[in-house]
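As the structure is a computational prediction, the values presented were derived from the model and not from experiment. Proteins come first, then strands; the chains are lettered A, B, ... in the order of their sequence lines, and each starts at number 1.
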Amino acid sequence: MHPQKQIAEMVVSALDSAIAADTLPQIGEVTPTVERPKHAEHGDYSTSIALALASSMRMAPREIAAKIAESVERSSMVRDVSVAGPGFINFRLDDEWLRSRVNVIRQQGVKFAHSDIGAGQKVQVEFVSVNPTGPLHIGHVRGAVIGNGIANILDAAGFDVQREYYVNDAGNQMRIYMESAYVRFLQAAGKDVELGAESYPGEFVAKLGAELYAEYGDAVVEMSEDEAIGVIRKTALDRTLANIRATLSRMGIEYDEWFSEKSLIDGEDFNESLELLKDRGFISEREGALWFLGTKVGLESDSVIIRSMERGPSYFGTDIAYHYNKFVKRGFDRVINVWGADHHGHIARMNAVVNSLGVESDNLTIIINQMVNFKEGDETVSFNKRKDNFIGADELLDAVGADACHFIFLERTPGTHMEFDLELAKAETAENPVFYVQYAHARLCAVLRAAKDRGIEFEDGDVSLLTTSQELALMRRLNELPDVIARSAEMLEPHHMPHFAYEVARELQRFYEACRVISSEPADAELTKARLLLVDAARIVLEGTLNIMGMNAPERM
RNA sequence: GCGCUUGUAGCUCAGCGGAUAGAGCGCAGCCCUGCGAAGGCUGAGGUCGUGGGUUCAAAUCCCGCCAAGCGCGCCA
C-alpha cells in the first residue's frame, strides 16, 4: 500500500477510535483527503479533515484535529503528527524509515512502487486506431503517447491491461482507400487513369500501388475493378497496417490486439448487439434506415445504425457492436478509449449506447486529447490545417526522437490545447527537460561505473550514515513514486509521471552538488558505500519512471 | 445558433475545495583544483479571462459574459 493511503487509513482509524472513546461526536462515513503540503514545514502529508468536520461536529476545527492527532496509532513510518494552522493535521515521515526504504528499493526494484489498486481487473486501453488509409501523421503521436502511458501506469497499478488498436477496415473510407490504391496500381501498370476527387493522394498510396503491381502484375490489371480490388485488398491493408505498426514500434509501443471492424459485421457481434438494443426498446425503423433512439435516453437526437440494406451499418452502428464485443463478449471490467478532440461529439451517444446495452457507463472512460499546434521558430501551425502539407509521425520521430515525444506529450494534461516546440524538443541542452532528466540518469550510471572501476563493493553499506538534508530530500522524493503511480492510475492522469521524473532529477542534481559520493579519503569509505546505495536506489526509481513513460533510461549520453 | 474543451508569470505549462498560487524557459546576478557544468544557488516577474453565487475556506464547485480551438453527416 502506498504511503498516502496508509496515512489516510491511519486518519480513519484514529477518527473511529476517538469516536468510540467518546472524545468526538458520532458522524457518518467520511473519507479523508490526504495531500502533500506545498511547504516543507507542513510535513510530508497533511489532512484537512478536521476543518471539514467542524460544522457537522459543532466543534472548533483545531480541537477536532487535536483529538484525532492524539488517537493516531504510532508506526515506524511516521515520526511526528501535529496540529497546525486553522486545523490541519500534519504528518512527518521518520528519517530512519526513509533510510530503510533505500534497501527496499534496491531489493524490489521499481516494483516497490507498484500497487494493487487494480486488483487484477481486466482493463482495455484502446488508442490511436487511426484509419488504415496511410501512414500516421504528426497529429496522431499525442494520442499514441497518452494511450501507451495510461496502459503502462495501469499495469504498474495492478490492472490486467490489454492494449488494442481498432482497425477500421470496413466502411466508406476503406472503400475510397482501396479505390485509390487500385488507381495507383493501374498507373503503375502504365494505364492512363486519374484519382477521383475524394481519393487519397499521398505518396504512400502511390508507392503501394507500384508494389501491388510488382506483386500481382498484368493478370490483375485485366480484371474488373471489383475483382481486382478483391485480389489486392488484403495486401494493401496489411502493408498499410505494417507501416503504422512500424511507426508505433519506433516509439516502443506494441499492441496486444489489432481488432478488425469488419469482423464485427462478418461475425455475430453486430446482429447480437442490435437484437439486444431492440429487446430493450432502443431501436426504430424509419426513412428506410434503422435508428438508435438517443432521444429516449436524453440525447439531442437519434442516430442511424443501418443506413439502408445496400449501404450497410454506419460507423456508429459498428461502434455499438464493438463496445458490445468489448464488454459483453470479452468481459472487460473497464474500457478506456483515447480519442482525438475531433471525436468528442461522439462521446455522449457512446456513453448512452453502452448504458442501453446494460453496461454501467462508468466502466467506459473516454479520454480526449486536444489538438496540437506545432511551433517551428516563430511560426505556429496547427497540423489539421496542414493536410496539404503532410508531416508524417516518422518525420517527427526522426527530428526529435521518440523519448522527447513521450516526455513532452505526457507532460501536458490531455485536455490542454498544447503547443509543441519543435526547436526545443530537438535541443540537446538544459532548456530541454527531456535531456535534463535523462542526463541525471546517465550521471548516476557514470558514478556507479566509477565505483566499479575502483573496485568499490557497497552491498554492505550502512544507510544510517545518510543524514544530510540533500540525502533526506532525495529519499523523500524517491518514496513518492508509489503515491504518484497510484494517483496517476486512479485519476487516469499520466502527466504526473514526467513531473515526478523531473523532480527526482532535480533532487538528484542537488544531492550530487552537495554530497561527494566517491571519496578517496579512507575515513570516508563507509559514507561512500552508503551514498552508492542511495545512488543505486535513485537510479532504479528514475529508470522505472522513465520506462513507465515509454522512455529509455540511457546509461551514457 | 447549439454542444464539448481551454483561458494561471513575458513564453510553455503544473496546481488533488484548504495554509504564503508553483516549475521550466527567458531575464539579472553568483558558484567548478576531485565522481559527467548537458550542473547548482539567488533575484525580479501574478488583480489565476471577466462579473456574480455557494462555502468557515474558491485558481479549483455553480451560473452569466468575453476570447480561442474543435465538433454539430445515413464520413470515420
Side-chain angles (χ1 to χ4, degrees), chain A residues 33-39 41-42 46-48 51-52 54-55 61 84-88 90 129-131 133 168 170-174 176 198 261 287-291 300-301 303-308 311-319 340-348 368 370-371 373 375 382 384 408 411-421 424 427-433 435-436 438-440 442-451 453-454 487 490-491 493 495-496 498-499 502-503 506 508-510 512-520 528 531-532 535 556-557:
Chain A
T33 57
V34 172
E35 59 183 30
R36 304 195 67 92
K38 288 168 197 151
H39 301 280
E41 65 266 29
H42 296 144
S46 167
T47 180
S48 60
L51 293 147
S55 65
F88 294 99
N90 296 334
S129 299
V130 173
N131 283 349
T133 54
N168 296 116
N172 208 32
Q173 297 303 323
M174 187 54 9
I176 295 169
E198 282 187 303
E261 179 188 10
E287 299 154 32
L290 212 62
W291 298 72
E300 278 181 24
S301 60
S303 304
V304 168
I305 295 177
I306 299 179
R307 302 175 263 226
S308 65
R311 293 168 64 203
S314 65
Y315 170 77
F316 179 57
T318 52
D319 225 13
D342 50 341
H343 286 67
H344 75 251
H346 189 54
I347 297 174
I368 291 295
Q370 288 295 338
M371 300 292 162
N373 288 327
K375 189 178 139 199
S382 63
N384 56 314
I408 292 169
E411 203 185 5
R412 272 76 158 190
T413 55
T416 53
H417 305 263
M418 69 169 280
E419 186 166 282
F420 190 106
D421 188 329
L424 178 59
E428 300 196 1
T429 66
E431 302 154 33
N432 187 342
F435 280 82
Y436 180 82
Q438 290 188 321
Y439 173 71
R443 194 182 228 185
L444 292 179
C445 291
V447 173
L448 291 168
R449 276 195 302 271
D453 290 347
R454 296 178 199 194
R487 180 172 158 70
E490 275 163 3
M491 308 293 287
E493 290 178 341
H495 72 278
H496 300 298
H499 288 279
Y502 192 87
E503 292 301 325
R506 192 222 294 267
L508 263 167
Q509 302 288 25
R510 285 180 184 149
Y512 182 85
E513 196 76 17
C515 303
R516 171 88 201 170
V517 178
I518 300 174
S519 170
S520 39
T528 292
R531 286 182 171 164
L532 284 167
V535 164
R556 289 191 168 81
M557 291 176 74

S.K.: Out of G36(B), A23(B), G18(B), which has the shortest distance to the side chain of Y502(A)?
M.R.: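 For the Y502(A) side chain, the nearest candidate turns out to be A23(B).
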
S.K.: Side chain of A52(A), heavy atoms from C-beta onward: which of G18(B), A76(B), G22(B) has the nearest atom to it?
M.R.: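 When the side chain of A52(A) is considered, G18(B) is the closest of G18(B), A76(B), G22(B).
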
S.K.: Strictly below 4.0 Å, N to O, side chains only: are R487(A) and E490(A) in salt-bridge contact?
M.R.: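 Between E490(A) and R487(A) there is no salt bridge, as every charged N stays at least 4.0 Å from the carboxylate O atoms.
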
S.K.: Identify whether the glycosidic angle of C72(B) places it syn (within 90° of 0) or anti.
M.R.: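 What C72(B) shows is an anti base, its glycosidic angle lying more than 90° from 0.
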
S.K.: Are Y315(A) and the base of C75(B) stacked, counting only ring centres nearer than 5.5 Å and planes tilted under 30°?
M.R.: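 The base of C75(B) is not stacked with Y315(A) (the test needs centres under 5.5 Å and planes under 30°).
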
S.K.: Output the single nucleotide from C35(B), C74(B), C70(B) whose closest atom is nearest the side chain of M371(A).
M.R.: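 So the nucleotide nearest the side chain must be C70(B).
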
S.K.: Report the nucleotide, chosen from U6(B), A76(B), G36(B), that has the shortest atom-to-atom distance to any side-chain atom of R449(A).
M.R.: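 Taking heavy atoms from C-beta onward, the closest nucleotide is G36(B).
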
S.K.: Between A14(B), C16(B), G39(B), which nucleotide gets closest to the side-chain atoms of R487(A)?
M.R.: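 Closest of the options to the side chain of R487(A): C16(B).
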
S.K.: For D453(A), report the nucleic acid contact type (base, sugar-phosphate, nothing); a contact means any heavy atom under 4.0 Å.
M.R.: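 Touches nothing.
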
S.K.: Among G3(B), A76(B), A14(B), which nucleotide has an atom closest to any side-chain atom of H344(A)?
M.R.: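 For H344(A), the side-chain atoms sit closest to G3(B).
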
S.K.: Picking from A19(B), A76(B), C35(B), which would you name as closest to the side chain of N131(A)?
M.R.: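 Among A19(B), A76(B), C35(B), the one nearest the side chain of N131(A) is A76(B).
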
S.K.: Could you measure between the two P atoms, the one in G7(B) and the one in G40(B), and give it in whole Å?
M.R.: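 So the two P atoms sit 29 Å from each other.
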
S.K.: Starting the side chain at C-beta, find the nucleotide from C74(B), A14(B), G34(B) nearest to R516(A).
M.R.: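 Nearest to the side-chain atoms of R516(A), counting from C-beta on, is G34(B).
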
S.K.: Mark this stacking check for Y439(A) against G36(B) as yes or no, applying ring centres under 5.5 Å and ring planes under 30°.
M.R.: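 So Y439(A) does not count as stacking on the base.
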
S.K.: Would H42(A) count as stacking on A19(B) if stacking means ring centres less than 5.5 angstrom apart and planes tilted under 30 degrees?
M.R.: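 Base of A19(B): stacked against H42(A).
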
S.K.: So, OP1 or OP2 of C41(B): does either fall under 4.0 Å of a side-chain N or O from R510(A)?
M.R.: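 For C41(B), OP1/OP2 do have a side-chain N/O of R510(A) under 4.0 Å.
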
S.K.: Is the side chain of S46(A) donor-acceptor paired with the backbone N or O of P37(A) at a distance under 3.5 Å, no angle test?
M.R.: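 No: the side chain of S46(A) does not pair with the backbone of P37(A).
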
S.K.: Take the angle between the ring planes of H346(A) and Y315(A) and call it parallel below 30°, perpendicular above 60°, tilted in between.
M.R.: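 It falls in the tilted class, 30° to 60°.
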
